[in-house]
2 protein chains.
Amino acid sequence: MYKRKIVPNLNCGLDLVGEVLYGKWKMRLLWFIDQGHKRPSELQRKIPDASRRVLNLQLKELQDHELVSKVIYPVVPPKVEYSLTAFGKSLIPIIAAIGEWGDNNADRLKELIIKGLSEDGE
Amino acid sequence: MYKRKIVPNLNCGLDLVGEVLYGKWKMRLLWFIDQGHKRPSELQRKIPDASRRVLNLQLKELQDHELVSKVIYPVVPPKVEYSLTAFGKSLIPIIAAIGEWGDNNADRLKELIIKGLSEDGE
DNA sequence: CAGCATCCTGGGCGATACTG
DNA sequence: CAGTATCGCCCAGGATGCTG
């Protein structure tokens, strides 16, 4: 859990979701876990841009927020598996909708984002 | 537009949406504009926790990403109105779904979030 | 009323290295 | 294979004050 000093404002549903989903890789984690990629190394491979440290941190937060559960198998070598809780599963349709919207508008979005990036260059 | 140095990875729809919606108040801005609160001062009043500066910054990004459009009326005192573009409107159902999920699970979420906050304290 | 400039800081996140 | 500790960067966003 990140050491947040200030208490966030939780005025509406948007705020609440923002809190739980706040983290660069959380939606992706939920998504991939739902897809059946449950082991840390597997998730790491799916999200190579993220560091293991942050992946673990965010996984921990997702656990604390009861969106995922973690099972540790007492074997050698160590084996760990994450799963979505029912609560977490209930978020999947929304994440799917977001991803779908993004995919449907991928070309336009890419263009706009790139344009935005170069704007400050000149 | 924030002066981002590093080029973001845009691997999937989730990334793309993440880019356009990245900003503490963007979803709320889109939401309130859709609700008919179009003027800066009005939005400010709706989102008192945000500073005017950041509101303007994010509004500008939303414009650059063609989610909202801005109309400046040449009158005194100055009058400005924001509206959603068709593109922006197409995001509303998703934002609504997110807010709804948050509202539906408000009690549980609040509890979990608060618990998470106090955890590092001890 | 609307918008910009300046200064400042918190904390998210990456890199690396070490333990079991 | 899984997880933690340390270090440091960087930039989003808050506060304040000035312009038209």
Side-chain angles (χ1 to χ4, degrees), chain A residues 1-9 15 18-29 33 37-64 68 70-82 116-117 119-121, chain B residues 1-9 15 18-29 33 37-64 68 70-82 116-117 119-121:
Chain A
M1 181 65 55
Y2 300 117
K3 47 279 146 218
R4 195 194 290 273
K5 300 286 164 40
I6 42 110
V7 177
N9 306 55
D15 288 306
E19 281 302 311
V20 213
L21 253 33
Y22 194 37
K24 199 170 181 178
W25 314 104
K26 284 204 191 151
M27 293 207 299
R28 237 169 309 254
L29 283 171
I33 292 174
H37 306 101
K38 300 164 168 296
R39 304 191 54 180
S41 51
E42 214 172 342
L43 292 167
Q44 168 84 61
R45 224 170 306 119
K46 279 296 195 179
I47 318 180
D49 295 326
S51 68
R52 278 280 292 290
R53 177 181 165 278
V54 174
L55 244 33
N56 283 337
L57 281 176
Q58 306 208 348
L59 249 2
K60 175 70 164 52
E61 283 196 25
L62 291 172
Q63 275 177 78
D64 290 340
V68 311
K70 174 182 186 174
V71 178
I72 304 174
Y73 296 90
V75 297
V76 199
K79 175 173 173 181
V80 168
E81 276 191 1
Y82 291 95
L117 292 178
E119 233 161 51
D120 59 346
Chain B
M1 181 64 56
Y2 299 118
K3 47 281 141 218
R4 195 195 290 275
K5 301 285 163 41
I6 40 110
V7 177
N9 306 55
D15 288 306
E19 281 301 310
V20 243
L21 252 34
Y22 193 37
K24 199 170 180 179
W25 313 104
K26 285 205 192 152
M27 293 206 298
R28 235 168 310 251
L29 283 171
I33 292 173
H37 305 101
K38 301 165 168 294
R39 303 192 52 181
S41 52
E42 217 172 339
L43 292 167
Q44 167 83 62
R45 226 171 304 120
K46 278 297 196 180
I47 317 179
D49 295 326
S51 67
R52 277 274 291 295
R53 178 181 163 279
V54 175
L55 244 33
N56 283 337
L57 243 22
Q58 307 207 347
L59 250 0
K60 175 68 164 55
E61 282 197 26
L62 291 172
Q63 276 178 75
D64 289 341
V68 311
K70 174 182 187 174
V71 178
I72 304 176
Y73 297 90
V75 296
V76 200
K79 175 174 174 181
V80 168
E81 277 192 1
Y82 292 95
L117 291 178
E119 233 161 52
D120 59 348

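Below, chains carry the letters A, B, ... as their sequence lines are ordered, and counting in each starts from 1.
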Protein-nucleotide distance (A:Q58, atom CD; D:dG3, atom C1'), rounded to Å: 16 Å

Specify the separation, in whole Å, of atom OH of A:Y22 and atom P of C:dG10. 15 Å

Taking C-beta and beyond as the side chain, do A:Q63 and A:Y82 meet within less than 4.5 Å on heavy atoms? yes

Could you tell me the separation between the CH2 atom of A:W25 and the C1' atom of C:dG12, rounded to a whole number of Å? 12 Å

Nucleotide C:dA15, atom P - distance to CG of A:L55 in whole Å: 13 Å

Check A:L59 against A:L43 and note the closest heavy-atom contact, atom names and distance. CD2-CD1, 4.3 Å

So does B:K38 have more than 12 non-hydrogen atoms from other groups sitting under 6.0 Å from NZ? yes

For the side chain of B:Q44 and the backbone of B:A50, is there at least one donor-acceptor N/O pair under 3.5 Å apart? yes

Could you tell me if the side chain of B:V20 sits less than 4.5 Å from the side chain of B:K26, heavy atoms only? no

What heavy-atom pair brings A:Y73 and A:E81 nearest, and what distance separates the two atoms? OH-OE1, 3.5 Å

A:L43 has an atom CG; how far is it from atom P of D:dC1, in whole Å? 14 Å

In whole Å, I'd like the distance from the NZ atom of A:K38 to the P atom of D:dA2. 14 Å

d(CG, A:L57; P, D:dA2) in whole Å: 16 Å

Counting primed atoms, P, OP1 and OP2 as sugar-phosphate and everything else as base, the B/S/- map of nucleotides 1-7 of chain C against protein heavy atoms under 4.0 Å is BBB-BB-

What distance separates A:S51 OG from A:L57 CG, expressed to the nearest 0.5 Å? 8.0 Å

Testing the basics here: between B:L21 and B:M27, what is the closest heavy-atom pair and its distance to 0.1 Å? CG-CG, 3.9 Å

Expressed in angstrom and rounded to an integer, what is the separation of A:K24 atom NZ from C:dG12 atom P? 13 Å

Any donor-acceptor pair under 3.5 Å from B:K46 side chain to B:E42 backbone: no

Fill in the dot-bracket string of DNA chain D, one character per base: . for unpaired, | for a pair to another strand, ( ) or [ ] for pairs within the strand, taking Watson-Crick or G-U pairs under 3.5 Å. ||||||||||||||||||||

